[in-house]
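From a predicted model like this one, the values you see are computed outputs, not experimental measurements. So you know, we letter chains A, B, ... as the sequences are listed, proteins then strands, and number each from 1.
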Amino acid sequence: MDGLLANLTERQREAVCCTEGPLLVVAGPGSGKTRVITTRVAYLISGGTAPSNILCLTFTNKAADEMRERVEASAGTRGAWLSTFHSMCSRLLRMDLDLEGYSRNFTIYDRSDQLSCLRNVLKSLNIDQGEAGLTRLPGRISAIKNGSANPVSGDEKNRDFSRIFAAYEKALQAANALDFDDLLVVFLKMLKSRPEILEKYRDRFRYVLVDEYQDTNRLQYEIVMQISEKHRNICVTGDPDQSIYSWRGADIRNILDFRKSFPEARVVLLEQNFRSTAGILKAAGNLIARNRKREEKSLIPVLGEGLAPRVVSAFDPEDEALRIAEAVSSLSSGGAPLSETAVFYRTNAQSRAIEQALLDRGIPYVIVGSVEFFQRREIKDLSAYLKIAVNPKDDVSFLRICNVPARGMGDKALDMVKGAADSSGASMFEAAVRIASDQNAPPRIRKALGELSGAVASLADFRGGVGGAVGRLVEALRYAEYLGKAFAEDAEDRVANVTELISACHEWDEKHPGGTLADFLEEVSLLSDVDKWDRKDAVSLMTLHSSKGLEFDTVVIAGMEEGLLPHFGIDGASDSDRIEEERRLCFVGMTRAKRNLIVTWAKNRRTARGDIDFGEPSRFLRESGLAPLLAEVSESRMTPYPSPGRAGPGTEEGDEDLEFRDSLAGEAEDEPFKTGDYVKHLSLGPGRVVATKGFGCSAKVVVNFPRLGLKTFAVGLAPLIRVNPDE
DNA sequence: CAATGGGGTATTTTT
DNA sequence: TACCCCATTG
């Protein structure tokens, strides 16, 4: 047991060893929080607690998996329950759910299933999509379900919304489907309506741990309270300064008020930072100190001063991307592993330019999130077949695949199915199966529905596990053939995706002997973006939100501009609560960096619609003390390299804005490149100009390199110089 | 019944 | 600007 506690600080040891009663661990970034949690679990086990009496809730499946590994390694046993709230609720519901028409083979609807469902609902209510604000509905519905908004009624618009909400709920129940929030809502309902089940879990979970407690919402709070009420051995860890999910219903009061909920709670503060060098922590600390709604807490560096954070100014997003790629490439050639390098941004849309620049340089990268594998059309189509096989009431999935591949199911046929379903109280798929064997039904429709139900039925043959079943489904549907016909352009990619799906299924089968289709779907639908990410030998690109809990040697934060970070949302509002959350988000990003922090901003950034320029460097640069490093970007001309900034006076209130403007200007202009010029590129070596395009700011040159072939560069941005032919 | 084109509209973060 | 939906046409 002493071995477990070796190498822990006094405070960390306290957090590990106070196992009885409520405990709040306020843990700053890099303070060894994960280590504390896993050691605590191992410590409990080594003290004689049965692993099955321990419940540890984390924010992502990835975190849960990593913690499980570490616990098993140090405790030498398995069986402690480590999972996310959503996975836990889902798994427990599959054991006991029997409530208001829901049954245990329920389907989990993700965001896009939810949208499809809402589309159907609007159609049946005869409400226009635009009118109803379709894309904003899931958020509003979620806010009500997770307890961060009140169900409103009253004016006309809200009356519509109430109708939509009610119809949506009804549709979900009819489809035996739960959305993400329902997993928690229905679980809580089950606990409240079935005391014997509640009692079972209260008995079972003698020790409850909750990580990232600052990002729990009202529902999660209630679940925790319900489950831990009996033994009151509840340990929550978190950091109010890293609360970044209020828009998803996270209630920062859960952590701020922990002491009110549990007056007897012990509090341990972990402030030492073992991750980042002092220069980085200084910037991050300056920044977060600006938040008013905050409990005083410091970042105490353990490592040395290290490199100062760097600010890079760019002309536009392409320029910014280019400079990021340059920085990454020079670090990499200096021996830094790409797997220890990450680029963070506020919005997913920003990844495009960065991807392109990395692609141009041949720098490998992986993106967390964006258009994820399971969101691709062909994958969603095949998944819909699996979902129907598990839960025949799933109308959303039925509508998705009833005519994929095309089998002549038009509006007329669909109306017939819908009519039959409505009049018999069955789901659409159930009705379809009936019509398929109905002698009186039109032959064409019978044939189509026969094919459909046959394909679904083929999944019941489970030889070769999920992989075998999906393989046979693809065969039965002649799906590859369909893709070839329907998608002339990118059919090959799509077929490759299908192949990849099948091999992923086989892989899953190997890891889960005896696993069922339902198990597979369950796991797949609860996977988050980060869960699917693997640290490869490549630069990682992700949103600031996704970066929570990770760390890298080098971190680049792109788009440090007013409006983007802090982001002024769709309504442009920028009240202080929102700004404070944006500040925390930036703080989270900065504190992921171990040794090297680079922040970049672009002078010109077009919005999707008009062409409004943001153009102001983020206030966060000033607040973190990095403003003096800003180099002004000239309007007419981009500088080849960011110039070192002049050291400015401190950041007193006043005319800081002027401060930005009169920083260094661009360098002197070069002669334009001409076709035939011999040039040398900083990292790519010598080459020859074969073409030029545009002029002024948008001038580009195409350079032919002996080994690499043609590359296009923006003049003045690329580290490109003219050389003599004989050099 | 499918494909194509035009027009209109939405723009943050995600378990 | 880019995507998505719908209507029209083949």
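Straight-line distance from the CG atom of A:Asp316 to the P atom of C:dT1: 14 Å, rounded to whole Å. Between A:Gln350 atom CD and C:dA2 atom P there is a gap of 16 Å when expressed in whole angstrom units. The CG-C1' distance, from A:Asn146 to B:dT15, rounds to 11 Å in whole Å. B:dT14 atom P lies 19 Å from atom CG of A:Leu183, rounded to whole Å. When rounded to the nearest whole Å, the span between CG of A:Leu565 and P of B:dT13 equals 13 Å. Per the geometry, CG belonging to A:Leu564 stands 12 Å off C1' belonging to B:dT11, to the nearest Å. Spacing between atom CZ of A:Arg136 and atom C1' of B:dT12 amounts to 12 Å, rounded to whole angstrom units. For the pair A:Asp179 CG and B:dT14 C1', the interatomic distance rounds to 13 Å; values are reported in whole Å.
With sequence neighbours excluded, the residues forming a side chain to side chain contact (heavy atoms under 4.5 Å, CB included) with A:Asp395 are A:Ser427, A:Met428, listed by chain and number. Applying the salt bridge (charged side-chain N to carboxylate O under 4.0 Å, His left out) criterion to A:Arg584, with sequence neighbours excluded, gives A:Glu581. Scored by the side chain to side chain contact (heavy atoms under 4.5 Å, CB included) test, A:Ser453 finds A:Phe429, A:Val433, A:Ala436 as partners (sequence neighbours excluded). Residues forming a ring-ring contact (aromatic ring centres under 6.0 Å, His included) with A:Tyr365 (at least two apart in sequence, or on another chain): none. Remark: A:Ile164 pairs with A:Leu118, A:Val121, A:Leu122, A:Leu125, A:Ile127, A:Ala132, A:Leu137 by the side chain to side chain contact (heavy atoms under 4.5 Å, CB included) rule, at least two apart or across chains. Take A:Tyr109 and apply the ring-ring contact (aromatic ring centres under 6.0 Å, His included) test, not counting sequence neighbours, and it matches no residue. A:Asp519 is linked by a side chain to side chain contact (heavy atoms under 4.5 Å, CB included) to A:Trp508, A:Thr516, counting only residues two or more places apart in sequence or in another chain. The salt bridge (charged side-chain N to carboxylate O under 4.0 Å, His left out) check on A:Arg68 picks up A:Asp65, with sequence neighbours excluded. In this structure, A:Phe85 has no ring-ring contact (aromatic ring centres under 6.0 Å, His included) partners at least two apart in sequence or on a different chain.
B:dT15 has no base stacking with the ring of A:Phe85 when judged by centroids under 5.5 angstrom apart and an interplanar angle below 30°.
Between B:dT13 and C:dC4, the two C1' atoms lie 22 Å apart (nearest whole Å). Comparing C:dC5 with B:dT12, their C1' atoms sit 23 Å apart, to the nearest whole Å.
At a threshold of 4.0 angstrom between heavy atoms, the contacts of A:Ser87 with the nucleic acid are absent. Using a 4.0 Å heavy-atom criterion, one finds that A:Asp215 contacts no nucleic acid atom at all.
At B:dT14, one or more side-chain N or O atoms of A:Asn348 fall inside 4.0 Å of OP1 or OP2 (strictly under the cut-off). Residue A:Asn61 places no side-chain N or O under 4.0 Å from the OP1 or OP2 atom of B:dT15. Here A:Ser546 reaches the OP1 or OP2 of B:dT14: one of its side-chain N or O atoms lies under 4.0 Å away. Phosphate proximity of B:dT11 to A:Thr347: absent, as no side-chain N or O sits under 4.0 Å from OP1 or OP2.
Nearest to the side chain of A:Arg444, among B:dC1, B:dT14, B:dA2, sits B:dC1. Between B:dT15, B:dT13, B:dT12, one nucleotide has an atom nearer to the side chain of A:Thr84 than all others, and that is B:dT15. Side-chain proximity of A:Thr543 to B:dT14, B:dA2, B:dT12: nearest is B:dT14. With distances taken from any side-chain atom of A:Thr135 to the nucleotides B:dT14, B:dT11, B:dA2, the minimum falls on B:dT11. In the set B:dC1, B:dA10, B:dT14, the nucleotide with an atom closest to the side chain of A:His545 is B:dT14.
Here the CD1-CD distance, from A:Ile141 to A:Gln114, works out to 6.5 Å after rounding to the nearest 0.5 Å.
At a cut-off of 3.5 angstrom, the base of B:dT14 holds at least one donor-acceptor pair with the side chain of A:Arg111.
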TODO: Test A:Glu623 against A:Arg583 for salt bridge (charged side-chain N to carboxylate O under 4.0 Å, His left out), laying out the working first.
DONE: CA-CA 10 Å; A:Glu623 293 172 353; A:Arg583 200 175 273 122; 2.8 Å; yes
Task: Heavy-atom protein contacts under 4.0 Å, nucleotides 3-10 of chain C, coded B base, S sugar-phosphate only, - none - done: S-SS----
- [ ] Any chance you could list the contact pattern along nucleotides 3-8 of chain B? Use B for base contacts, S for sugar-phosphate-only contacts and - for none, protein heavy atoms under 4.0 Å, 5' to 3'.
- [x] ------
- [ ] Treat a base pair as Watson-Crick or G-U wobble with both distances under 3.5 Å, then lay out DNA chain B in dot-bracket form, 5' to 3', with | for cross-strand pairs.
- [x] ||||||||||.....
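A salt bridge links A:Lys380 with A:Asp110; the closest basic N to acidic carboxylate O contact falls under 4.0 Å.
Judged by distance alone, with hydrogens and angles left aside, the side-chain atoms of A:Asn391 form no donor-acceptor pair with the main-chain N or O of A:Phe106 at under 3.5 Å.
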